[in-house]
Structure formats: C-alpha cells, structure tokens
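Report on the structure given below.
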Amino acid sequence: MIRFLTLASSSAGNAALLSWGGQHLLIDAGISCLRIRKSLAALGLSMDDLSALLITHAHNDHIAALSTMVRRHAVPIYATAETARQIAYRVAGAEPLLRPFSAGSSLEIGGFFVSSFPTSHDIPGSAAYRIDCGGRSLGLLTDTGIVPQGAERLMGVDLLVLEANHDVEMLRSGPYPYALKERVLGRWGHLSNAAAAQFAREAALHGTGDIILAHLSQENNTPRAALETVSAALEPVGYGGRLTVAPRDVPCEPHLLEESTCSVLPSSVLES
C-alpha cells in the first residue's frame, strides 16, 4: 500500500509524507521540527524512520525545520543544485547531508523514482516532481506563477498535488501591498484557482486520479472558492476522482493507493 498525506500546506509552512515498502520520503520541511515529529508519531513513525527528505525550493515555508533536523537526524536531503547551495549557505551542518541533482533530471531515492522539472518561481532552483513507486505515480506542482514546461509529465498521475494559491479578485481587492500583489500574480509567483482549474482539467482528460489542491493563501483564498472553481472545470469532462483541499495547519486524511504491477515508468526516469 502507498500512503500520501500533507502535514501542512500554506504560505506559512509546507510538508508532506510519501510512504511505500517500509520507506518514508518527507517532501519539504517548512514547519517546525516538533510539528513534524508529532505528525509522524500519529502515524506510528519517528524522525529516524525517514528515508530521505526531498526539497522543492529554499523559501523558508519549505525548509524551516532544517536547522533543527540536521543537528539531530542524519536524513539525506535531496534538492536541485541551486537549492542545495542555498541550504548549505543558510543551514549550518547541512552540507554533508545534501544530495544535489540537476534540475530537469531524474533520480532514484531508495524505491522512489523521482522526475524533476523547474518551476517558475522567484528563487533559483525551484522544482516540481513526479514520483513513481509501487506501480503508481504522484505529481507535485506548487510554487509556480505559470504552468511550466515539463508539467506534461504529470498528466495521468494517480494522485496530483496542485497549487491553488489565490482567487484573483480576492487578491486584487485584499490587504496586500501593490508590489506583493504583483509578485503573486506574476510569472514568478503562484498559481491562481483559475490556472489550477485549467491544469486540473487537462490532467483529468489524461486520466489523472485524485487531486489535492494545495498552498492556499489564508488572505486571498478559501477552500470553498478553490473547490468551486476547480470543480466547475472538471465537471464537463466527467472527472470521477476525488477532489480535496489540503488543510492549512494539520495533516490531511491519508490518500491510499493500491500497488500495481501494470504501470510503466515515464521515459524521463528510465533514461536517467
């Protein structure tokens, strides 16, 4: 059985856990180490059970726990070369644990086959991932102002974690300063509900299963607004999967996938 859940998902902090075959991959660590420990304990796990940590980028809401983690736990940290350099500079003691790779490349982390591609975000090295394990696939696309080249790798995944950061009108009329609004709305910012809906529709047409909407802004979005916008785009194409919103501050209900022997790894992984 393959299990995935977000531990937290918002502009204040992000972390998720993918488990399969006795291996546990933590994706981002943007909440406190204590919160990660408590979330793992609720699943019968500890920090020592983590096989590796996979980082999307070096903004604090994705790496906040690293300073504590590297002092207490020798968990390998996988990140693009640009992100690894930033972590090495900012987090004392992290360098020996870093396992950098080239953005756009594919690699194997234990039994997890990871295919990466750059996102359009305002920090060097930001990446999205497709992860294959047990004959199933997970796509993770957050922290990007536009749907980037390479996102076609996520078409047809069994589970898609997709950013739906803001409602455009809520953002434009909200409390953010003008410069911050332009940053979020721009090419190097975050996906809106409408942009997420368009990508979700294309993914559904290619057979994507469950979709988790993630990284919602507390100030410029609501779960209801995100769900309504994306649902409206999915309904005409007969989407039959499960559409949910990742909670901001608590773990989501685990998504469970039965293992399969029929799926074929994407060529980007096989050729690496």
Side-chain angles (χ1 to χ4, degrees), residues 4-16 27-28 30 56 61-62 119-121 128 130 137-148 151-152 154-176 178 180-257:
F4 174 83
L5 69 160
T6 58
L7 307 184
S9 181
S10 75
S11 298
N14 299 272
I27 306 169
D28 285 332
T56 58
D61 60 321
H62 295 260
T119 57
S120 183
H121 202 41
R130 171 178 171 143
S137 53
L138 164 73
L140 183 74
L141 178 60
T142 66
D143 296 85
T144 187
I146 59 172
V147 174
E152 63 274 6
L154 306 186
M155 296 290 107
V157 294
D158 296 293
L159 175 60
L160 175 63
V161 182
L162 176 63
E163 178 172 60
N165 177 258
H166 59 276
D167 174 89
V168 172
E169 292 309 313
M170 286 180 65
L171 175 61
R172 290 194 183 281
S173 62
Y176 278 10
Y178 176 79
L180 182 54
K181 290 179 182 181
E182 291 302 297
R183 170 192 173 264
V184 174
L185 289 166
R187 179 182 181 88
W188 308 103
H190 293 275
L191 286 183
S192 67
N193 291 345
Q198 184 176 356
F199 186 79
R201 179 183 181 278
E202 291 302 312
L205 286 171
H206 285 81
T208 289
D210 291 353
I211 299 173
I212 304 174
L213 302 180
H215 213 298
L216 272 68
S217 168
Q218 184 176 28
E219 295 82 7
N220 305 305
N221 208 355
T222 65
R224 180 177 179 178
L227 284 171
E228 287 181 349
T229 302
V230 178
S231 294
L234 291 173
E235 186 176 358
V237 300
Y239 175 67
R242 178 185 173 198
L243 176 67
T244 58
V245 170
R248 176 181 174 84
D249 297 316
V250 297
C252 73
E253 288 295 319
H255 285 248
L256 304 177
L257 298 171

Rounded distance (nearest 0.5 Å) linking atom [atom1] of [X] with atom [atom2] of [Y]:
X: L191; Y: L162; atom1: CG; atom2: CG; value: 6.5 Å
X: N221; Y: S10; atom1: CG; atom2: OG; value: 12.0 Å
X: E163; Y: N193; atom1: CD; atom2: CG; value: 10.0 Å
X: T56; Y: L141; atom1: OG1; atom2: CG; value: 10.5 Å
X: L140; Y: N14; atom1: CG; atom2: CG; value: 9.0 Å
X: T142; Y: I27; atom1: OG1; atom2: CD1; value: 10.0 Å

*Just grab all the ring-ring contact (aromatic ring centres under 6.0 Å, His included) pairs involving residues 208-231, residues at least two apart or on different chains.*
H62-H215, H190-H215
Any residue meeting side chain to side chain donor-acceptor pair (under 3.5 Å) with [X], in chain and number order, not counting sequence neighbours:
X: Q218; value: R248
X: S137; value: D158
X: T6; value: none
X: Y176; value: E219

*asked:* Run the salt bridge (charged side-chain N to carboxylate O under 4.0 Å, His left out) test against R183 and tell me which residues pass, sequence neighbours left out.
replied: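 R183 satisfies salt bridge (charged side-chain N to carboxylate O under 4.0 Å, His left out) with D122 once adjacent residues are dropped.
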Tabulate below the donor-acceptor pairs under 3.5 Å that side-chain atoms of residues 223-237 make, not counting sequence neighbours, or state none.
unit_1, atom_1, unit_2, atom_2, d
R224, NE, E228, OE2, 2.9
T229, OG1, A225, O, 2.9
S231, OG, L227, O, 2.7

_Give me the atom names and distance for the closest heavy-atom approach of A12 to D61._
C-CB, 4.0 Å
*For the residue pair N165 and S11, what are the closest heavy atoms and their distance?*
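Shortest heavy-atom separation between N165 and S11 comes out as ND2-OG, 3.9 Å.
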*Take L216 and V245, measure what side chain to side chain contact (heavy atoms under 4.5 Å, CB included) needs, and give me the verdict at the end.*
CA-CA 8 Å; L216 272 68; V245 170; 3.8 Å; yes
Of all residues at least two apart in sequence or in a different chain, which pass the side-chain contact (heavy atoms from CB on, under 4.5 Å) check with [X]?
X: V168; answer: H166, R172, L185, S192
X: E202; answer: M155, L205, H206
X: D210; answer: L159, R242, H255

*asked:* With a 3.5 Å distance limit and no angle check, can you tell me whether S120 reaches the backbone of R187 through a side-chain donor-acceptor pair?
replied: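 Side chain of S120 to backbone of R187: a pair is present.
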*Donor + acceptor pair across side chains of D143, T119 (<3.5 Å)*: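 The criterion, which ignores hydrogens and geometry beyond distance, is not satisfied for T119 and D143.
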